[in-house]
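A short worksheet on the structure shown next.
Just so it is clear: chains get the letters A, B, ... in the order the sequence lines come, proteins before strands, and each one is counted from 1. These numbers come from the heavy atoms of this one structure, side chains and all, not from hydrogens, waters or symmetry mates.
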Amino acid sequence: MAKLVLSTAVKFNALVGALALLTVSAYAKCADITGKGDINIIGNAFPALQHISKSMEVCKRSGLSIAFKMSSEARQETERAFGSAGVSAFDAAVVSMGTYSVLRSKGQLQPMTDLVNKYRARYNIEERMLVKLNDEVLAIAFMQNAQSLFYRKDIFDKHGLKVPTTYAEMVATAAFIKANEPSIEFPIAQTFAKGWDSGTEFTNLMVGSGGRFFKSGSAEPAFNDASGERAIELMKSMLPYMTPNALASNSDDVMNQFQQGKAAMGVLWASRAARMDDPAASKVVGKMAFAAAPAVMVGGKSATHLWWDGVVMPKNIAGDRDTVFQVLMEALGEDTTRSGNDTAIWIRSVYRPTRFAGGVLSSATAGAPIWPTEPFFGLAHSEIGKILPEALTGRLTAKAALDAAARAYARTATEQGFIKPTRVSTHSQP
Amino acid sequence: VKTKTFFQFIAPSLALMLVLMAAPLVMTGYLSVRNCSLQMELVKAQESTPFGEQEILSHQAKLGSNGKALQTCEFVGLDYYRKVLGWSDSSSAETKKSAPQNEFLGALQFTLIYVFVTLPFVLGIGFLLALGVNNVTQKLKGIFISASLLPFIITPVVAALSIKWLFRDNGLVPYLLSHVGIQVFWMAEAWSARLLIIIYGIWHVVPFAFIVLYAGLQSVPQDSLEAATIDGASRWQKMRYVTLPHLMPLIVFLSLIHLMDAYRVFEPVMVLTQGAFTASVQYLTYFILLQENNPYKASAAAVLTLIGILILLIPLLVKTYREQRGGQ
């Protein structure tokens with residue numbers, strides 16, 4: 001048996017999740033930071049963050065070590081650390097607004113108002129970077145993201161097509177391209193993968209048609225109504241113009257479909273736009289253009305959502321909050337925006353928008369709403385994303401799928417205290 | 001003295017097993033019968049973000065005197081087990097009919113398909129490879145062994161990604177197939193998505209079976225084979241009555257390892273299909289932990305997963321136990 005255990009242990013087994021632990025070193029600016037200690041920061045892994053972590057390197061010196069952990073499971077690790085009974089394993093975290101909403105509602109965020117006032121001038125902290133709840137600064141945002149319409153300008157020009165402003169126009173344009181453009185078999189490419197991706201598409205379309213996810217003033221589900229059904233029907237109407245692999249197509253796959261010249265249009269994350277012009281990976285360099293994500297209804301708002309990413313500190317912080325704040329602000333300084341201008345859509349006013357950012361900016365102009373801020377929204381989102389394939393493949397009706405998602409969501413929201421249980425558990429113990 | 005020495009020798013591994021295996025198991029069991037939630041209240045607040053100001057009506061946790069959110073923990077018995085298994089659904093028969101299949105049972109079904117379909121292929125192909133390499137000349141053996149081991153060396157996530165890239169839209173396989181007039185969308189339907197994961201499973205694990213069986217072939221007693229030849233046995237008969245019985249303990253060992261390993265299938269599901277048509281039990285636990293962010297429910301799913309593997313292993317464990325006792 002021992003041999004067996006040993007063999008099992010020796011067996012291959014790799015940790016999932018790309019995890020990069022960057023311990024950084026160097027010195028130069030950051031001269032004003034006098035604090036010492038070990039500073040641990042966590043965030044997801046994406047190009048803008050890699051850029052930020054590099055500019056943080058500069059602050060490391062003897063007595064002040066800075067470790068920036070980039071993990072694909074940053075959200076879970078952040079929530080666990082910020083919610084732990086002892087001190088948090090991380091002194092700061094880079095979060096998107098979905099995670100912010102959860103941490104904020106759990107009262108786990110360290111207010112930074114005094115620090116912002118103290119250092120506003122030194123780091124030129126701009127008012128629009130501040131995320132405040134009742135005048136208390138809880139996060140400092142540095143970049144935004146949203147989906148925008150990617151389309152093949154060359155094909156649109158060749159056939160004299162108009163850039164669609166509604167989903168109905170997009171489907172009609174797709175039908176035209178499928179019939180008349182031999183190089184494109186599946187004109188639409190969008191992230192319909194089971195789970196987070198398709199849940200996000202649903203959210204865009206549902207909110208875009210004026211639907212509400214929850215009953216007003218409560219966490220009770222309301223998405224299993226006519227507007228939810230409409231959103232699913234709309235998704236189904238796009239399927240004939242998408243690759244049959246759509247239900248497993250995530251952002252990487254959709255980006256690949258565009259880069260290979262196999263798709264003519266689709267709504268995708270703006271952070272992928274610059275990759276269209278990467279000659280090493282793309283066959284459509286210079287051929288793509290970006291516009292506002294189409295609306296669901298004629299005259300409606302652009303059916304996408306605005307996101308921001310920012311830094312937060314936990315209430316149960318282990319290190320010196322003043323020092324941690326200074327290091328964060330050094331890393332988010334104006335020079336970071338300038339030197340990494342093309343890696344993100346920065347919030348700082350020194351940012352110079354590129355053509356890749358055009359889609360997001362026009363989505364915003366076309367009234368794209370802010371991503372839902374309810375702390376329980378993520379639970380509804382994941383239940384919907386999980387069951388959508390059943391509705392899209394026709395195994396369940398839209399109504400049945402949404403009802404099942406609503407039931408599952410209500411259960412998880414009750415488990416986590418957002419919905420009051422209807423019956424008191426008989427098993428309680430002190 | 002003998003007992004003392006015995007314990008001194010096994011103490012390190014016993015301690016390790018307690019800390020790394022038994023303790024987490026007990027902890028998981030403990031978590032699975034509990035639930036903690038925050039006390040939420042609805043509050044109106046003014047929120048400003050880079051996109052402007054808005055009044056929000058939001059749930060906020062009640063804070064205790066120490067500034068921390070008040071948490072209520074309770075013993076919930078087997079509630080989470082019932083939920084994972086779909087037994088707690090109090091909905092009417094009508095809604096049940098139109099509801100999707102229970103996730104855990106669905107995941108268990110695919111996991112078992114995966115385990116039992118891959119097993120014979122892993123053993124069969126591994127054995128054929130071992131025989132093949134055993135019969136090539138000494139010079140070529142090194143190359144063949146290295147080449148055969150390659151899939152086994154690659155990290156599972158990377159291996160799964162490379163399979164995905166081969167089969168996705170515009171991938172090499174669909175491209176080649178399109179030249180002979182075949183168009184298959186591998187991630188579009190249950191059978192093909194499942195087949196892909198099974199192909200991955202076989203490809204990735206065959207080298208392990210191969211290397212173990214190849215080692216076994218080196219120790220097949222030559223005198224028995226010679227005696228069989230003298231008795232007029234054919235090649236097939238020598239294989240059937242000498243080689244295979246000799247390899248039997250290794251085959252049982254491989255089956256045991258593969259059953260345990262395949263039951264934990266996770267990476268290809270995560271990378272290839274993100275669970276579309278192919279959720280496995282391990283993936284489900286991960287999903288509950290990640291998406292629902294509920295460690296209690298995930299623990300219940302984990303314990304159920306563990307019970308599943310124990311049931312699966314009973315026949316082989318009984319056999320091994322009997323053999324060990326027989327050996328004494």
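- For the residue pair Ser218(A) and Phe376(A), the shortest heavy atom distance occurs at O-CZ, 3.9 Å.
- Residue with the most contacts toward chain A among Lys62(B), Glu41(B), Glu53(B), Lys297(B): Lys297(B) (heavy-atom pairs, distance under 4.5 Å).
- When all heavy atoms of Ile288(B) and Ala301(B) are compared, the pair lying nearest together is CD1-CB, 4.0 Å.
- Contacts between Glu55(B) and chain A at a heavy-atom distance below 4.5 Å are absent for every atom of the residue.
- Between chain B and the residues Glu136(A), His381(A), Arg128(A), the most heavy-atom pairs under 4.5 angstrom are made by Arg128(A).
- Neither the backbone nor the side chain of Gln259(A) comes within less than 4.5 Å of any heavy atom of chain B.
- Interface summary for chain A: among Thr273(B), Thr49(B), Asp169(B), Leu38(B), the most heavy-atom pairs under 4.5 angstrom belong to Asp169(B).
- The residues Glu103(B) and Lys386(A) are annotated as salt-bridged, a charged nitrogen and a carboxylate oxygen being separated by less than 4.0 angstrom.
- Looking at Asp79(B) and Lys83(B), no side-chain N of the basic residue comes within less than 4.0 Å of a carboxylate O on the acidic one, giving no salt bridge.
- Residues Ser32(B) and Tyr296(B) bring no donor and acceptor atom of their side chains to less than 3.5 Å of each other.
- Using a 4.5 Å cut-off between heavy atoms, Glu374(A) makes no contact with chain B at all.
- Interface summary for chain A: among Gln39(B), Glu189(B), Lys68(B), Gln54(B), the most heavy-atom pairs under 4.5 angstrom belong to Lys68(B).
- Each of Ile347(A), Asn134(A), Leu138(A) has some count of heavy-atom pairs under 4.5 Å with chain B, and the biggest count is that of Asn134(A).
- Between chain B and the residues Val131(A), Asp252(A), Leu379(A), the largest count of heavy-atom pairs under 4.5 Å involves Val131(A).
- In the model, Glu415(A) has a side-chain atom that pairs as donor or acceptor with a side-chain atom of Asn294(B) under 3.5 Å.
- In terms of non-hydrogen atom pairs under 4.5 Å with chain B, the most contact-rich of Lys399(A), Arg104(A), Lys262(A), Glu383(A) is Arg104(A).
- When heavy atoms are compared at a cutoff of 4.5 Å, Ala408(A) does not approach chain B at all.
- For Gln71(B), no part lies under 4.5 angstrom from a heavy atom of chain A.
- Heavy-atom distances place no part of Glu127(A) under 4.5 Å from chain B, backbone and side chain included.
- Only the backbone of Leu130(A) comes within contact range of chain B, with at least one heavy atom under 4.5 Å from a heavy atom of that chain.
- Interface residue Pro375(A): only side-chain heavy atoms are found under 4.5 Å from chain B.
- When every heavy atom of Val84(B) is checked against every heavy atom of Ala300(B), the shortest pair comes out as CG2-CB, 4.3 Å.
- Options Gly52(B), Ala61(B), Ala69(B), Ser48(B) differ in how many heavy-atom pairs under 4.5 Å they form with chain A, and the most are formed by Ser48(B).
- Considering all non-hydrogen atoms of both residues, Ala219(A) and Phe418(A) come closest at CB-O, 3.7 Å.
- At a 4.5 Å heavy-atom cutoff, Trp371(A) makes no contact with chain B through either its backbone or its side chain.
- For Lys315(A), the part lying near chain B is the side chain, with the backbone staying farther off; criterion is any non-hydrogen pair under 4.5 Å.
- Pairing each heavy atom of Asn250(A) with each of Ala193(A), the nearest pair is N-CB, 4.0 Å.
- One side chain, Ser349(A) or Glu126(A), offers a donor N or O that lies under 3.5 Å from an acceptor on the other.
- Ser96(A) and Asp309(A) are not linked by any side-chain donor-acceptor pair at a separation below 3.5 angstrom, with hydrogens and angles left out of the test.
- Counting heavy-atom pairs closer than 4.5 Å to chain B, the top-ranked of the candidates Thr373(A), Asn256(A), Thr412(A) is Asn256(A).
- A side-chain donor from one of Asn35(B) and Tyr80(B) sits under 3.5 Å from a side-chain acceptor of the other.
- Most heavy-atom pairs under 4.5 Å with chain B: of the set Thr397(A), Asp197(A), Ile370(A), this distinction falls to Ile370(A).
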